[in-house]
Amino acid sequence: MPVTIYNTLTRRKEALVPGEPGQVRMYVCGPTTYNLIHLGNARPLVVFDTFRRYLEYRGYRVTYVQNFTDIDDKIIARAAEEGLDPGVLADKYIAEYFLDAAALGVRPATVHPQVSQHIADIVAMIRSLVDKEYAYAADGNVYFAVDRFAGYGKLSRRSPEEMLVGARAEIEGDKRSPLDFALWKKAKPGEPWWESPWGPGRPGWHSECAAMALRYLGSGFDIHGGGYDLVFPHHENEIAQAESYTGQPFARYWMHNGFITVDQEKMSKSLGNFFLLREILRRFPGPVIRFYLLSTHYRHPLDFDLEGLEGSARGLARWQKTLDELEQRLGGRAGEAATSGPAHPLREQVAATRETFVAALDDDFNTPAAMAALFALVRETNSFLARSQTGDDAGTLAAVRACLKELGEQVLGVLPLAGQAAPSSREAQVVTGLVDLLLEVRSLARQHRDWAMADMIRDRLAGLGIGVEDTPGGTRWEWRG
RNA sequence: GGUGCGGUGGCGAAGUGGCUAACGCCGCGGUCUGCAAAACCGCUAUUCGCCGGUUCGAGUCCGGCCCGCACCUCCA
């Protein structure tokens with residue numbers, strides 16, 4: 001069974017057939033680095049990172065390119081506000097971006113090209129477009145002539161005629177048509193600029209992705225992804241440029257993720273209803289946020305709420321507890337995952353889990369259904385562990401562990417759910433020592449059947465955010481925030 | 001106005017023609033526990049926005065309607 005994905009270009013699910021067998025080339029539009037990212041920005045990161053991981057799991061080699069827009073009006077404006085050099089500001093937020101991405105378990109792309117490093121590529125493309133009369137220069141600016149590209153509107157399913165009618169688009173500057181868009185913008189005083197055949201300026205909107213995608217992936221690469229709001233005009237314009245430039249199809253499959261909403265409205269800067277990822281990370285571990293983002297199908301809207309995150313935290317904690325329990329039973333043993341041996345219901349469950357998981361993700365990357373398969377495995381495993389005490393099932397347990405790690409860690413990237421950041425400060429060490437001391441006192445109290453004392457200690461610790469559990473193997477505690 | 005997306009139990013969320021509508025969270029009952037917690041077992045939608053239609057059979061296809069959202073201008 002092939003991997004199937006919904007292609008915005010054709011509005012249907014299609015089997016993924018890479019242009020080059022065994023190799024998938026994908027490009028995802030990255031952030032404009034003028035501030036910290038919010039949860040809405042985080043969704044495509046997690047979604048496409050997971051998709052990339054899945055493709056690798058399915059045996060493809062994946063070349064994954066994600067750009068940084070480090071030259072842009074918003075960056076220039078923000079830099080001016082803060083009295084910083086735009087390049088310095090952009091670099092700062094690129095660094096911040098990597099911190100956020102890492103917290104979410106998003107792996108670095110194969111290449112992270114930046115606009116500022118590809119001016120020559122962009123200029124070369126624009127020059128060619130001008131030569132071929134797909135674009136025209138006017139007073140230091142260069143515009144793309146939309147009416148020269150017959151396929152304009154094929155991605156967003158709108159016709160240039162319609163856009164001209166209903167739109168409030170007006171002819172600005174020296175554009176010949178309201179639909180034309182800037183490939184190169186003349187520098188205004190004080191703005192960063194690069195030399196070009198049309199005078200000092202900088203790349204306009206959309207040019208970067210087209211030029212950099214072609215540079216690293218070549219024309220006709222496999223998957224181009226991004227948020228749904230990029231369909232028009234961003235991706236439409238990329239197609240217009242790239243295909244006019246190369247004369248060949250730009251990207252073969254277009255994937256777009258749905259929005260994060262707040263009270264049903266799109267999370268956005270302008271509405272002021274956004275939550276910075278940094279803020280949410282203060283309350284929930286990255287893996288929980290990742291789990292939460294993957295618990296809705298990527299094309300559907302996800303209405304953000306804290307209760308949902310709480311639910312994700314509990315669900316994911318179950319996965320982790322099961323894994324912890326398996327580790328404990330298996331001891332330090334690497335535990336070869338037995339593939340033979342007596343037929344064991346759990347072993348069948350492992351096989352069924354893989355099968356269901358893969359079928360779900362093959363079907364346009366249905367993460368909620370895939371996660372349901374893992375929940376089934378977790379439940380069956382816990383059920384088995386609750387009944388069995390002996391250690392003669394090591395091979396089977398190791399097989400479960402391997403499956404959980406493979407699907408939950410390697411593919412979904414939500415494990416391990418790091419308990420609490422390993423406290424390394426002096427204060428944290430003292431706290432840990434004190435808690436251990438209190439629990440020793442409590443154990444003594446319990447031995448003397450002094451339940452009042454034991455419960456008081458447990459309750460007071462709970463009040464401090466420390467959860468205490470008595471298990472057959474001894475008392476455990478954990479931070480519960 | 002144009003183009004799309006969505007409306008499934010208390011909440012979240014799969015399911016796009018066929019056994020009793022996955023799964024998670026919450027809640028309730030039970031097992032375990034000194035009591036809890038965790039874990040496990042069980043229960044919780046005669047019903048899938050509304051109205052028609054097609055079909056032996058529809059949440060699932062067709063038509064109409066209502067509601068919400070998004071894009072058409074920077075936006076993941």
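Keep in mind the model is a prediction, meaning the values are calculated, not measured. Chain A is the first sequence line, chain B the second, and so forth, proteins listed ahead of strands; every chain is numbered from 1.
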> Just call it for A:L45: base, sugar-phosphate, or nothing, with non-hydrogen atoms closer than 4.0 Å on any strand.
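Here A:L45 touches no strand at all.
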> Can a salt bridge be assigned to the pair A:D73 and A:R202 using a cut-off of 4.0 Å between side-chain N and carboxylate O?
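Yes, charged N to carboxylate O under 4.0 Å.
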> With both distances under 3.5 angstrom, what nucleotide forms a Watson-Crick or G-U wobble pair with B:rA39?
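WC or wobble partner is B:rU31.
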> Under 4.0 Å, counting only non-hydrogen atoms across every strand here, what does A:V231 touch: a base, just sugar-phosphate, or nothing?
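Contact class for A:V231: none.
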> Identify, between A:D72 and A:D363, the residue whose nearest nucleotide on RNA chain B lies closer to the 5' end.
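Looking at RNA chain B, the more 5' nearest nucleotide goes with A:D363.
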> When we call it a touch if two heavy atoms are under 4.0 Å apart, what does A:H297 touch: a base, just sugar-phosphate, or nothing?
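Since only primed, P, OP1 and OP2 atoms lie under 4.0 Å of A:H297, the category is sugar-phosphate.
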> Got a donor-acceptor pair under 3.5 Å from the side chain of A:D305 to the base of B:rG12?
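Such a pair does not exist between side chain and base.
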> According to ring pair (Phe, Tyr, Trp, His ring centres under 6.0 Å), who are the partners of A:F149, at least two apart in sequence or on a separate chain?
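With sequence neighbours excluded, A:F149 shows a ring pair (Phe, Tyr, Trp, His ring centres under 6.0 Å) to no residue whatsoever.
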> Is a donor-acceptor contact shorter than 3.5 angstrom present between the side chain of A:D470 and the base of B:rC35?
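Side chain to base: pair present.
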> Taking a pair as Watson-Crick or G-U wobble with both distances under 3.5 Å, which nucleotide is matched to B:rG63?
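Base-paired to B:rC51.
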> Which is more 5' along RNA chain B, the nucleotide nearest A:E265 or the one nearest A:A376? Just name the residue.
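That would be A:A376.
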> Look at A:K185 together with A:E191 and state whether they make a salt bridge at an N to O cut-off of under 4.0 Å.
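Not counted as a salt bridge, because no side-chain N and carboxylate O are separated by less than 4.0 Å.
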> Classify the ring geometry of A:F68 against A:Y97: parallel below 30°, tilted from 30° to 60°, perpendicular beyond 60°.
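Aromatic pair A:F68/A:Y97 classed perpendicular.
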> For a quick check of understanding: with a heavy-atom distance under 4.0 Å over all strands, which category does A:R12 fall into, base, sugar-phosphate or nothing?
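If one applies the 4.0 Å heavy-atom cut-off, A:R12 turns out to touch nothing in the nucleic acid.
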> Classify the nucleic acid contact of A:F259 as base, sugar-phosphate or nothing, counting any heavy atom under 4.0 Å across all strands shown.
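Touches a base.
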> Between B:rA37 and A:R476, counting only base atoms on the nucleotide and side-chain atoms on the residue, is there a donor-acceptor pair under 3.5 Å?
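No, the side chain and the base share no sub-3.5 Å donor-acceptor pair.
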> Could you tell me whether A:E307 contacts a base, only the sugar-phosphate backbone, or nothing, with contacts defined as non-hydrogen atoms closer than 4.0 Å?
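No contact.
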> So that I can tick it off, tell me whether A:R458 and A:D455 are bridged by a salt bridge, with the cut-off set at under 4.0 angstrom between side-chain N and carboxylate O.
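Yes, A:D455 and A:R458 are salt-bridged.
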> Check if the side chain of A:R314 and the base of B:rC26 share a donor-acceptor pair of N or O atoms closer than 3.5 Å.
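Absent.
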> Now, which nucleotide makes the Watson-Crick or G-U wobble pair with B:rA45, with each of the two distances under 3.5 Å?
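Base partner found: none.
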> Which nucleotide in the set B:rA38, B:rC69, B:rC5 lies at the smallest distance from any side-chain heavy atom of A:E469?
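Nearest to the side chain of A:E469 among the choices is B:rA38.
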> Return the minimal non-hydrogen interatomic distance between A:L309 and A:I280, and the atom names on each side.
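Closest approach of A:L309 to A:I280, heavy atoms only: CD1-CG2, 3.9 Å.
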> Please step through side-chain contact (heavy atoms from CB on, under 4.5 Å) for the pair A:F250 and A:H235, ending with a clear verdict.
CA-CA 10 Å; A:F250 181 44; A:H235 289 163; over 6 Å; no
> Applying a 3.5 Å limit to both distances, which nucleotide forms a Watson-Crick or G-U wobble pair with B:rG10?
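Pairing partner: B:rC25.
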> Tell me what A:G258 touches on the nucleic acid: a base, only sugar-phosphate, or nothing, going by heavy atoms under 4.0 Å.
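The answer is base, as A:G258 lies within the cut-off (heavy atoms under 4.0 Å) of a base atom.
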> Going by heavy atoms closer than 4.0 Å, what residues in residues 144-157 of chain A are next to RNA chain B?
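Result for residues 144-157 of chain A: A:S156, A:R157, sorted by number.
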> In Watson-Crick or G-U wobble terms, both distances under 3.5 Å, what is the partner of B:rG4?
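Across any shown strand, B:rG4 pairs with B:rC69.
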